[in-house]
Number of protein chains: 2
Amino acid sequence: MDVHEVERLLRARRCSLTPQRRAILRYLADNDTHPTAADIFEAVTADFPITSRATVYNTIALLRELGVLSEVNLPGTEARFDPNTAPHHHLRCVRCGQLTDIPTDRVRLEHDLPGEVRSASVLFEGVCEGC
Amino acid sequence: MDVHEVERLLRARRCSLTPQRRAILRYLADNDTHPTAADIFEAVTADFPITSRATVYNTIALLRELGVLSEVNLPGTEARFDPNTAPHHHLRCVRCGQLTDIPTDRVRLEHDLPGEVRSASVLFEGVCEGC
DNA sequence: ATGCGTGCAAATAGTTTGCAGCGAG
DNA sequence: CTCGCTGCAAACTATTTGCACGCAT
């Protein structure tokens with residue numbers, strides 16, 4: 001996620017570039033840790049102290065509308081967010097719980113589904129390299 | 001999900017076969033609609049009126065422990081449950097929102113991930129046959 | 001009989017909303 | 001200056017928990 005591109009998109013929409021939004025963008029840019037809303041709130045509060053949960057949720061919703069943030073849901077966990085909106089897959093480590101992005105070129109996927117299939121994402125479960 | 005097999009598993013664990021649990025099992029058996037906890041509560045209440053949400057959640061947790069029920073999480077929706085615990089994939093229709101099971105033999109999946117990969121499930125997004 | 005499972009209600013967690021005032025453009 | 005954005009707090013939704021009683025075994 002490129003901060004400047006997002007700022008451009010926000011301006012095009014006549015949305016304000018408030019300090020809170022900047023702080024959230026700064027935290028999310030190139031963040032591959034799949035933070036929860038609470039993670040974002042905590043990090044942004046440390047950066048720009050006066051920020052409320054509501055603003056974090058509002059901004060998440062806005063970024064999702066702009067198509068620069070995607071939501072990842074896994075069984076048994078809260079929603080997580082991913083500034084990487086290019087198609088990619090995920091590996092969840094069954095040992096440490098960490099979620100890792102997997103580029104599409106490391107996976108070959110074929111199917112014979114009828115109709116129009118627009119996208120496909122794979123969730124792998126296994127042991128990650130760190131474990 | 002076979003009701004009789006589950007009842008056997010429950011007995012093996014010395015768990016009671018209460019009317020509420022039977023009603024829940026009856027509803028879930030061969031149910032491919034991926035119901036939410038609220039769907040289950042509603043359906044079971046119609047079948048066996050005296051059932052509380054807590055019992056539905058307790059039973060869901062129990063069935064998950066037994067490995068006969070799996071949880072499916074999609075962005076922007078509550079948790080859904082699937083009595084089909086064999087490996088399979090999903091197709092979410094972008095038009096009607098419906099979630100359909102896709103058998104593994106309709107998909108070919110290869111990857112070069114290091115380490116031990118135990119399972120992989122694909123979420124397709126597209127237009128389903130009905131639409 | 002005896003203990004697990006139940007309903008109920010309250011607690012908790014995550015998220016959304018209403019509103020008045022502030023601040024970005 | 002003006003309207004969108006914010007913080008706050010309350011509302012809401014989904015889920016979990018504590019407890020006393022009742023029912024399956």
Cys15(B) or Ala54(B), whichever maps to the more 5' nucleotide of DNA chain C: Cys15(B)

[X] [atom1] - [N] [atom2] separation (whole Å):
| X | N | atom1 | atom2 | result |
| --- | --- | --- | --- | --- |
| Asp39(A) | dA13(C) | CG | P | 16 Å |
| Leu62(B) | dC4(C) | CG | C1' | 11 Å |
| Tyr57(B) | dC8(C) | OH | P | 16 Å |
| Glu78(B) | dA13(C) | CD | C1' | 15 Å |
| Glu71(A) | dG14(C) | CD | P | 14 Å |
| Arg53(B) | dA10(C) | CZ | C1' | 14 Å |
| Asn58(A) | dC19(C) | CG | C1' | 13 Å |
| Leu74(A) | dG14(C) | CG | P | 15 Å |

Check: Thr59(B) side chain, Thr55(B) main-chain N or O, donor-acceptor pair, under 3.5 Å: yes

Pick base, sugar-phosphate or nothing for [X], based on heavy-atom distances below 4.0 Å to the nucleic acid.
| X | answer |
| --- | --- |
| Ala37(A) | sugar-phosphate |
| Thr51(A) | sugar-phosphate |
| Ala79(B) | sugar-phosphate |

Arg21(A) and Glu7(A): CA distance, side-chain angles, deciding distance, salt bridge (Lys or Arg N to Asp or Glu O under 4.0 Å) verdict: CA-CA 9 Å; Arg21(A) 286 188 182 161; Glu7(A) 294 188 347; over 6 Å; no

Whether [X] contacts [N] is assessed here as follows: a side-chain N or O lying under 4.0 Å from the phosphate OP1 or OP2. Is that the case?
| X | N | answer |
| --- | --- | --- |
| Arg21(B) | dG5(C) | yes |
| Gln20(B) | dG7(C) | yes |
| Ser52(B) | dC8(C) | no |

Heavy-atom contact window of chain B on DNA chain D, given 5' to 3' at under 4.0 Å: dA14(D) to dT25(D)

Between Asp82(B) and His88(B), a side-chain donor and acceptor under 3.5 Å: yes

Exercise: do Asp39(B) and His34(B) side chains pair donor with acceptor under 3.5 Å: no

Salt bridge flag under 4.0 Å for residues Glu71(A) and Arg80(A): no

Centroid-centroid under 6.0 Å between Phe124(B) and His90(B) rings: no

His89(A) side chain near Thr104(A) side chain, heavy-atom distance below 4.5 Å: yes

Residue whose nearest DNA chain D nucleotide is more 5′ - Arg22(B) or Arg14(A): Arg14(A)

Along DNA chain D (nearest heavy atom to each residue), the more 5'-positioned of Ser16(B) and Thr55(A): Thr55(A)

